[in-house]
Amino acid sequence: MRSLFGLGKSENSSLASPPAGEKASNDSAVLQVATPAVAPIFDIVHDTAGPVQEIKPLSDDEKRVFDRIKADIPELTRNLPDVGPEAQKYVDMEVPLDIEGWLSDECIARYVRARKGVYEDTKRALRKTIEWRAATRPHALRPDAVEIENRTGKMYFNGFDKMARPVIYMYNHRQNTKDADSQIRWVIYTMEASIRHMRPGVEKVILAVDATHWSFSNSVSVGTARKFLDTLANHYPERLGHAIIFNPPKFFVAFYSLLSPFVDPATKAKVAFVNSDAPALEQPDVDAEADGIAPPAVPIAASNSPWIALEKYFERDQLEVDCYGNWRFQYSHVVFWEAVEAEFVQHKAGMLQSTSVANASSS
């Protein structure tokens, strides 16, 4: 049995071309087209961004749990573990921990919602993540320690969707490694980088998964998939907005249909399929029209169908051409990694400055 989203196992360490008749003509990483490389987009211009998806407010009961957790912060952040020797191989130890900065009101609220407003569960989950962050320093993972995982451009953060959420692209057929721990470190690095570049009011990412070449041979094992999902659920709760699967083969859809009755309804609602060749049928926004606002066109989709129009979440001009958009971004590892390294330098400098200011103000 394999995972639906292939971070992947590959029979070859090099990038193989897809079988004849598949989407090779639309995959720049396979074609290695000799065109000028385009830099990735890590930052969003706030005044030109689209509307931010509304965050569900806490209920009265959840607010009471939130207040209790806030009062528990000194206890939650006491006696933290040191960085383990294995973790030290991959992190920049000069980057400060700053658990207090991470433990924002928005962070606490996400854990309260994820744990259904149960006080003990919320407190336990937060303490588990705080200990994990102290021992592994996910925010301090060095680019050189994870670079091998994205030499072929199999998964990365690049740009934003209509609701200003960071887009994480996944191209499982570009798989180039087999080490599960190394793959998970790259997932963590990508999540941390995406979160660093969320504009105020944005808390979630959106996955754009190209499933054109999906097969059981390039998907991860059950054990790796479970670790991937556990990491997201335990340490990044309420961070996944949607997972959009582009052009899934028929057997993928059939496989998902068999599993979907056993998937948590909240999780299932986040998964959607896109047929890139289908026209975007549109209709007026009735609510907007009733308010006297010029109604924008919105894609038609049955409420119980997992199939949606691409335009529901993406502007085609802001979606990579390899994922059926119009943005002529073609993955160049040299160009992309220069941007990753520069972003990390900036992140480290910002963390050091924030810690210095905090220490000065408290002394």
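Remember, predicted model here, so these are calculated numbers, not experimental data.
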Exercise. Decide yes or no on ring pair (Phe, Tyr, Trp, His ring centres under 6.0 Å) for Y156 and Y331, but give the supporting numbers first.
Key: CA-CA 10 Å; Y156 50 85; Y331 186 82; 5.2 Å; yes
Self-check item: side chain to side chain contact (heavy atoms under 4.5 Å, CB included) evaluation trace for L207 with L240
Solution: CA-CA 8 Å; L207 305 184; L240 177 60; 3.8 Å; yes
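Closest heavy-atom contact between A134 and P81: CB-O, 3.6 Å.
With sequence neighbours left out, the side-chain hydrogen bond (donor to acceptor under 3.5 Å, both in side chains) criterion links K56 to no other residue.
Between atom CE of residue M351 and atom CG of residue D92 there is a gap of 10.5 Å, rounded to the nearest 0.5 Å.
The aromatic rings of F252 and F273 stand perpendicular to each other, their planes meeting at an angle above 60°, with 30° marking the opposite boundary. By the 30° and 60° cut-offs, the orientation of the rings of F329 relative to F336 is perpendicular. Ring planes of Y171 and Y169: parallel class, angle under 30° (limits at 30 and 60°).
Within the 4.5 Å cutoff, side-chain heavy atoms of Y324 are placed close to those of D210. Taking the side chain as every heavy atom from C-beta outward, E341 and W337 approach each other to under 4.5 Å.
Geometric assessment of R199 against the ring of F160 yields a negative cation-pi assignment under the 6.0 Å and 45° thresholds. Within the cation-pi definition used here (under 6.0 Å to the ring centroid, within 45° of the axis), R142 does not qualify as a partner of Y90.
Residue D105 places its CG atom among more than 12 non-hydrogen atoms of other residues, nucleotides or ligands, all under 6.0 Å distant. Under a cut-off of 6.0 angstrom, the local environment of CD in Q88 is crowded, with over 12 non-hydrogen atoms contributed by other residues, nucleotides or ligands.
With Y236 as the fixed residue, the side chain to side chain contact (heavy atoms under 4.5 Å, CB included) test singles out one of T129, T231, V187: T231.
Ionic pairing of R110 and E203 is present here: one or more N-O contacts between side-chain nitrogen and carboxylate oxygen are shorter than 4.0 angstrom.
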